[in-house]
Each structure stands twice: as structure tokens, then as C-alpha cells.
Amino acid sequence: MDDLRLGLLLNAVSPAVGGVLVRGEKGTAKSTMVRALAGLLPSIATVPGCRFACDPAAADPQCPDGPHEGAAGQDRPAFLVELPVGVSEDRVVGSLDLERALAEGVKAYEPGLLAKAHRGVLYIDEVNLLQDHLVDLLLDAAAMGRSYVEREGVSVRHAARFLLVGTMNPEEGELRPQLLDRFGLTVEIAATRDAEERAEVVRRRLAYDADPAAFAGRWAEQEDELAERITAARELLPSVQLSDLALRQITGVCAAFEVDGLRADIVMARTAVALAAWAGRTEVLEEDVRKAAQLALPHRRRRNPFDAPGLDEEQLDRTLAEHQGPEQDGPEDDGPDGGPGGGPDGGGGGGAPEPSEPNGPSAPDGSTEQPDAPAAPPRQRPGGARESAPVAADQPYRTRLFRVDGTGRGAQGRRSPAETDAGHTIRARRPRGKLSRLHLSATLRAAAPHQAVRGRTGRALLLRRDDLREQVRRGRESNLVLFVVDASGSMAARQRMTAVKGAVLSLLMDAYQRRDKIGMVTFRGAAAELALPPTSSVEVGAARLEQLPTGGRTPLEAGLLRAHEVLRVERLRDPDRRALLVVVTDGRATGAKDALARSRRAAGLLAAQGVASVVLDCESGPVRLGLARELAAHLNGDAVSLDELRAEGVASLVRETRSTMMRKAA
């Protein structure tokens with residue numbers, strides 16, 4: 001927990017660092033650690049009665065409770081505000097009484113959690129499960145330092161500068177890259193494997209449960225000392241000098257690790273300064289830069305959703321050494337020709353061999369790719385079927401978009417049409433519960449015919465509850481994408497399985513970008529298995545795919561029936577989330593004598609349930625049986641070949657889809 005403790009304390013010293021993202025397995029006291037920070041934060045001066053924690057020394061001129069000129073201040077503790085995963089938009093940004101705004105012309109505004117967190121800490125447990133439209137609100141507030149509430153021409157804005165702290169379990173899904181980059185630091189934690197340390201954790205927990213007050217009293221003195229050290233570091237912070245040498249090391253490290261943008265450089269600089277202040281120094285040292293890189297860069301180095309965050313320590317040391325400055329460099333050993341190492345080209349004289357390439361010797365065209373290595377010898381399974389070792393996947397690519405027909409009501413995402421809180425307005429209706437999004441023109445049309453009867457004499461519009469209309473918006477939802485992957489012997493050709501895994505990996509990346517849940521059923525040998533229960537962690541799906549071996553018979557029927565059972569259970573758990581079934585197969589079926597007919601009946605069962613399906617046809621070679629396309633017909637879905645999956649062919653696919661829809665309509 002040392003890095004987590006340090007990351008939280010650095011943000012307490014310098015909130016400009018930008019917060020902490022805590023990644024770790026369940027049951028590691030992530031939330032407990034974060035909540036403990038609240039008691040260590042220095043108090044803040046606020047304007048009495050201001051609901052937005054305005055600083056009397058620099059009051060917000062746009063504060064809804066202002067103006068505050070000349071107001072006296074009073075101290076209060078900085079708040080740690082928790083934002084629940086299932087919170088509503090109105091609770092986050094605040095709510096506006098639209099009925100009073102229209103009828104009386106007053107801004108009756110109730111502040112939300114962003115206002116309460118101003119100049120404090122906003123804590124989001126399970127931040128990776130937060131809905132996309134709420135993530136958008138946080139991004140806006142974090143970028144501008146202000147929160148905006150806009151409702152039908154009535155607007156309220158207030159300051160919202162807060163320390164963002166989030167915790168997450170990576171097994172439940174990853175964060176959007178935009179929000180991930182907003183966290184200044186990231187920390188990976190795991191439970192200790194030392195038996196004595198675990199025993200001490202249990203002892204302290206039992207002692208706390210027995211007498212919380214006495215337990216807190218045991219540590220009160222140490223916490224007071226820690227709070228005093230934070231205050232002292234804050235006071236020292238403006239005096240810390242960031243030398244040009246330290247700044248060159250920071251920018252050199254960020255350039256060497258190829259992080260996107262310049263936010264990483266700024267965060268590293270602020271973190272290094274905070275580290276020096278925390279250590280009681282007024283000068284940033286190389287050790288501060290090194291630790292700042294370890295905290296600020298790992299989550300900014302991910303190039304795709306399947307890359308695990310991390311930092312190459314050896315590369316970090318080399319980069320720091322390269323940017324130490326000329327006064328710290330040792331004398332160069334110039335060779336007889338003036339180049340380092342003595343060779344005419346600086347490559348080390350004496351005929352020393354060139355270092356080998358990491359991927360083997362170069363090909364004649366300069367590439368480092370090797371010819372396909374022979375496949376690993378097949379392994380014998382207990383049942384007698386021969387099994388090939390897993391092969392690597394092709395590089396992922398952008399795929400065409402598959403959607404579920406109709407309009408859903410599932411969780412917000414980016415795949416299929418749905419009625420959502422975000423999106424464009426398509427119609428108006430009477431409110432269902434509390435009015436949240438007023439449809440102004442529809443409300444005026446509903447109220448206009450009754451103004452004379454209601455005795456209207458002035459300019460104010462006389463409204464009744466029955467006049468109010470709310471917006472119905474159409475946006476996009478996320479779906480459950482369930483992959484059913486044929487891992488039998490008919491798919492075991494090395495090049496073929498590499499291409500198939502690359503296609504599935506590409507679809508997994510598409511599911512990540514569209515915020516879908518995913519699941520994976522595989523079938524081979526004599527049965528099918530649920531290789532990945534439905535989850536939001538596409539990263540786990542990619543790992544399971546990488547480890548997938550092939551071999552044995554092709555129990556296609558078992559795979560389809562297992563998919564049917566998984567979808568049935570998921571409908572009970574989450575009835576609003578619609579499913580998209582992706583069957584990856586060449587269409588063959590073996591086992592029983594009537595295996596093909598039985599698989600067709602299983603496909604008909606899924607079609608009868610209205611499951612949207614796509615068959616990824618993996619058949620290759622000059623002679624093709626077309627079994628995968630027959631399976632797609634029984635599923636009442638589409639069949640797409642590996643070549644057609646790529647988004648480059650989208651124009652022809654749109655034409656094909658349009659003609660298919662016209663045929664179905666006819």
C-alpha cells in the first residue's frame with residue numbers, strides 16, 4: 001500500500017497533481033484507504049451560507065449564491081464527496097425547478113455533488129462502471145473547473161474544482177481513455193501474500209469491530225502528525241525549485257515512453273515538486289523525477305485496450321541517465337576515428353558482431369519478420385482427441401458495425417438505437433415520475449388553449465402539472481455481445497486460426513469502444529464451455545482468446561445450446577440489455593450421425609427467441625461448402641466472411657444490408 005498512501009498524500013499536498021486512480025483486486029481496502037484521506041486534509045476558508053464553498057479571498061463572481069464582496073470567512077473541513085455508480089445526472093450537476101422557472105421567472109437551483117465537492121475530494125468507487133453520460137459531465141467539469149446546468153434556455157454555472165479519486169477492479173472493465181487521462185496518478189495494489197502481514201490486518205480489523213472509538217484513539221497521535229506534515233509541505237510547496245535539468249529529465253522520459261499529449265509532462269512536473277515538498281526539500285532531485293514517472297505514466301502508455309498498464313524500469317533508468325546533463329556525464333571513450341567505441345561508424349571496432357534483432361535476423365527487404373515457424377506438435381487429450389497449442393492472433397483492425405434491430409432501453413453505450421437520457425429529441429410525452437427534461441414547445445402548446453379559462457391577465461404563463469411534457473431522446477445503448485467460437489480441429493490450421501483470432505480480437509476491441517458487455521462460449525471435443533461469463537472486462541476476454549487451444553470434434557449443437565442458456569440467464573439478470581450473438585465457425589458439425597441437422601434445430605431455437613445473430617464465416621480454400629451461411633439462415637441472421645468484416649468494405653456492405661432489408665420488408 002506504500003504507493004497508494006504516497007499518491008494520496010501527494011494530492012493532499014498539491015491538489016494540482018490531478019487525483020489518483022486506484023486499480024486492484026477486490027477486498028484490498030481500496031475504499032477504506034481513500035476515505036481515510038478526508039481526516040487528514042487541511043480545513044478551508046469559506047463564505048458563510050454559500051452552498052458552493054466560495055473562498056472569501058477569491059470569491060466566484062458567477063456563484064449562484066453571490067455576490068460575496070467583503071464577506072467574512074469561516075473555516076470548515078474539506079469534504080470527501082462520494083459519487084455512487086448509479087447516481088442520476090440531476091444529482092451530479094444539480095437540479096433546476098423548471099416549473100418555477102417558467103411560471104415565476106426565478107432560478108430555483110438545488111446544487112449537486114459537483115458543487116459539494118468543490119475545493120474537496122470527489123471519490124468514485126468502481127469508477128469504471130460509471131455510465132458514459134456521467135463520465136462526460138465529469139470530463140467537462142475536470143477540464144474547465146466549472147459545472148454547467150442548461151435547461152431550456154435557463155442556465156446556472158458555478159465553480160467545481162475538486163480532487164478526483166477513483167477505485168476500480170480491472171476485471172470488471174476498463175475506463176474510457178479520456179477519463180483515464182484525467183487522473184494525475186495511478187496506483188496498482190494487491191493484497192499481501194505474507195502470512196504475518198495478513199494476520200496483522202485481521203487483528204486490527206477485529207480490534208476495530210470490537211471498539212471503534214478506542215481503535216481510532218490508538219492512532220490519533222500519528223494521524224495528527226501526518227496532518228501537520230501535510231500542512232508543512234503545502235507551505236513549502238511554493239518555494240520548491242524545478243531546475244532545467246529536472247525538467248529536461250521529465251520531458252525526456254515522457255518523449256521516450258511516447259505518451260500522448262503533454263498532460264503527462266505537466267503532471268510529472270507537479271508530482272516531482274510535491275515529492276520534494278513532502279520530503280522537506282526545496283529542490284527537485286532525480287529520485288523525485290523517477291518516482292513521479294512511476295506514478296504518472298503507467299496508465300498513459302496503453303496503446304490499445306488490451307495493453308496492461310506498466311512501466312519498463314530499465315528503460316526509465318536509461319532515459320534518466322541520458323538526460324543527466326553534461327556535467328554529470330563521464331568522459332567519452334573516443335575511438336581512433338573520433339566516434340564512440342572506435343569503429344568508423346561508431347559501432348564498436350574490432351569487427352565485433354552487431355547485436356541481434358529482438359525478433360531475429362532481418363529479412364532481405366529489411367523487415368524482421370520470420371517465416372511461419374512450424375506449429376507446435378499436437379498434444380493428446382485424455383479423450384483421445386489431438387489438441388494444438390494456442391497460436392497468436394493477427395493484429396486487430398477496425399470492423400464494420402453490427403447492431404440489434406429496433407429501439408431498446410438498455411444501458412447507454414454506442415451500438416444499437418435506444419431511448420436514453422442523452423441523444424437527440426424525437427418526440428414529447430407526459431412525464432413519468434419527476435420531470436427531468438422539459439420539452440418547452442410541447443409544454444407551451446399544451447398550456448396555450450387553457451389560458452383564458454385560467455384567468456391569465458399578466459405576461460406570466462399559467463401552468464398546471466398536466467401541461468408539462470418531457471423530451472423523449474434517442475441515443476445508443478450497449479449490448480451483450482456473446483461470442484460462440486469454434487475451437488475444433490477443423491479450425492486448427494495455424495494461419496487460419498491466427499486470422500480467426502485476429503477477427504475476434506477486432507470485434508472485442510469494437511465491443512470495448514462501444515461499452516458493451518461481452519461473453520465467450522467455446523466448443524470443441526465433446527462439449528461446449530462458458531470460457532468467459534458476461535463481463536465488462538474486454539481485457540479478460542482478449543486474454544482468454546489468446547490462451548484458446550484448438551483440436552477435436554466440432555460439437556456445434558452444444559455451442560449453440562450453451563449460448564441459448566447463457567442468454568436466458570442474462571435476460572433474467574438484466575432484461576433491458578439486448579444481446580448480439582456472434583458465431584465464429586466454418587459451419588461444420590461432427591459427433592452424432594445427424595449432427596448437422598441437430599445444430600440447425602438449435603439455431604432455430606435461438607431464432608425463435610428473437611436473438612440478433614451474426615455468423616463469421618471462417619471457411620477458406622478454393623472449394624467451399626457454404627455451411628456457415630446456411631447456419632446464418634437458420635439463425636435468421638447475417639453471414640459475414642473474414643474479408644467482409646473489415647470496415648474498409650463498408651460501402652458495399654451498406655448496399656448489401658439495404659437490399660437485404662428491402663427483401664425482408666417485401
Side-chain angles (χ1 to χ4, degrees), residues 1-13 15 17 19-44 46 53 75-87 91 113 116-117 119-130 162-173 183 185-234 274 278-279 295 537:
M1 293 291 188
D2 289 342
D3 280 350
L4 173 55
R5 182 175 183 270
L6 179 61
L8 293 172
L9 291 172
L10 291 177
N11 276 274
V13 171
V17 167
V20 186
L21 174 65
V22 188
R23 297 166 49 95
E25 59 195 30
K26 54 186 177 293
T28 49
K30 300 185 295 292
S31 301
T32 302
M33 195 81 161
V34 173
R35 293 187 180 106
L37 178 66
L40 302 176
L41 294 175
S43 60
I44 59 174
T46 62
D75 289 347
R76 70 158 175 83
F79 291 155
L80 186 144
V81 178
E82 295 194 36
L83 193 150
V85 171
V87 70
R91 187 70 188 98
L113 295 177
K116 189 176 181 181
R119 303 176 65 198
V121 179
L122 183 65
Y123 170 49
I124 311 172
D125 193 14
E126 306 295 349
V127 62
N128 50 327
L129 303 183
L130 202 63
F162 46 81
L163 183 63
L164 186 61
V165 179
T167 57
M168 60 175 283
N169 182 353
E171 294 178 357
E172 297 174 338
F183 286 95
L185 311 179
T186 186
V187 177
E188 294 275 347
I189 63 171
T192 177
R193 299 298 185 256
D194 182 84
E196 186 54 41
E197 288 184 354
R198 296 172 76 99
E200 182 61 21
V201 171
V202 175
R203 289 190 197 101
R204 294 190 186 185
R205 177 58 198 239
L206 294 177
Y208 173 82
D209 291 340
D211 191 344
F215 182 85
R218 286 173 51 194
W219 304 99
E221 183 178 350
Q222 293 186 29
E223 289 204 349
D224 290 342
E225 292 175 357
L226 199 56
E228 291 173 1
R229 186 177 173 186
I230 292 174
T231 302
R234 278 194 173 191
W278 179 247
L295 294 172
S537 180

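Being a predicted model, the structure only gives us computed values, none of them experimental. Numbers here are sequence positions counted from 1.
In this structure, Asp3 CG and Ile189 CD1 are separated by 10.5 Å, a value rounded to the nearest 0.5 Å. Note that CG of Asp75 is 7.5 Å distant from OG1 of Thr46, once rounded to the nearest 0.5 Å. Going from atom CG of Leu21 over to atom CD1 of Ile124 covers 10.0 Å, rounded to the nearest 0.5 Å. In this structure, CG on Leu80 lies 10.0 Å from NZ on Lys116, to the nearest 0.5 angstrom. To the nearest 0.5 angstrom, Thr32 atom OG1 is 13.0 Å from Leu37 atom CG. Residue Leu10 holds its CG atom at 11.0 Å from CZ of Arg5, rounded to the nearest 0.5 Å.
Nearest heavy-atom pair, Glu25 versus Ala191, reported as atom, atom and distance to 0.1 Å: OE2-N, 3.1 Å. Nearest heavy atoms, Val165 versus Phe183: C-CE2, 4.0 Å. Tyr123 and Ser31 make their closest contact through OH-OG, 2.7 Å (heavy atoms, listed as atom of the first residue, atom of the second, distance). When all heavy atoms are compared, the tightest approach of Ala12 to Arg234 is O-NE, 2.7 Å. Taking every heavy atom of both residues into account, Pro84 and Leu113 meet most closely at CD-CD1, 4.2 Å. The two residues Pro42 and Thr231 have their closest heavy-atom pair at CG-OG1, 4.1 Å.
Each of Val17, Leu41, Val121 was scored for a side-chain contact (heavy atoms from CB on, under 4.5 Å) with Asn11, with one residue passing: Val17.
Ionic pairing of Glu225 and Arg229 is not present here: no N-O contact between side-chain nitrogen and carboxylate oxygen is shorter than 4.0 angstrom. Taking the charged nitrogens against the carboxylate oxygens, Arg203 and Glu196 do have a contact shorter than 4.0 Å, which makes a salt bridge.
Counting heavy atoms of neighbouring residues, nucleotides and ligands inside a 6.0 Å radius, atom CG of Asp2 does not exceed 12 of them. Other residues, nucleotides and ligands place no more than 12 heavy atoms under 6.0 Å from the CZ atom of Arg205.
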Tell me, with the steps shown, if Leu83 and Leu130 meet side-chain contact (heavy atoms from CB on, under 4.5 Å).
-> CA-CA 10 Å; Leu83 193 150; Leu130 202 63; 3.7 Å; yes
Would you sort out whether Lys30 and Arg23 count as a side-chain contact (heavy atoms from CB on, under 4.5 Å), showing the intermediate values?
-> CA-CA 8 Å; Lys30 300 185 295 292; Arg23 297 166 49 95; over 6 Å; no
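Between Glu126 and Thr167 there is no side-chain heavy-atom pair separated by less than 4.5 Å. Considering only heavy atoms from C-beta on, Leu9 comes within 4.5 Å of Ile230 through its side chain.
With hydrogens and angles disregarded, a donor-acceptor distance shorter than 3.5 Å links the side chain of Arg119 to the backbone of Ala53. Side-chain atoms of Arg35 do not come within 3.5 Å of backbone N or O of Met33 as any donor-acceptor pair. Listed for the Glu82 side chain is no donor-acceptor partner under 3.5 Å among the backbone atoms of Asp125.
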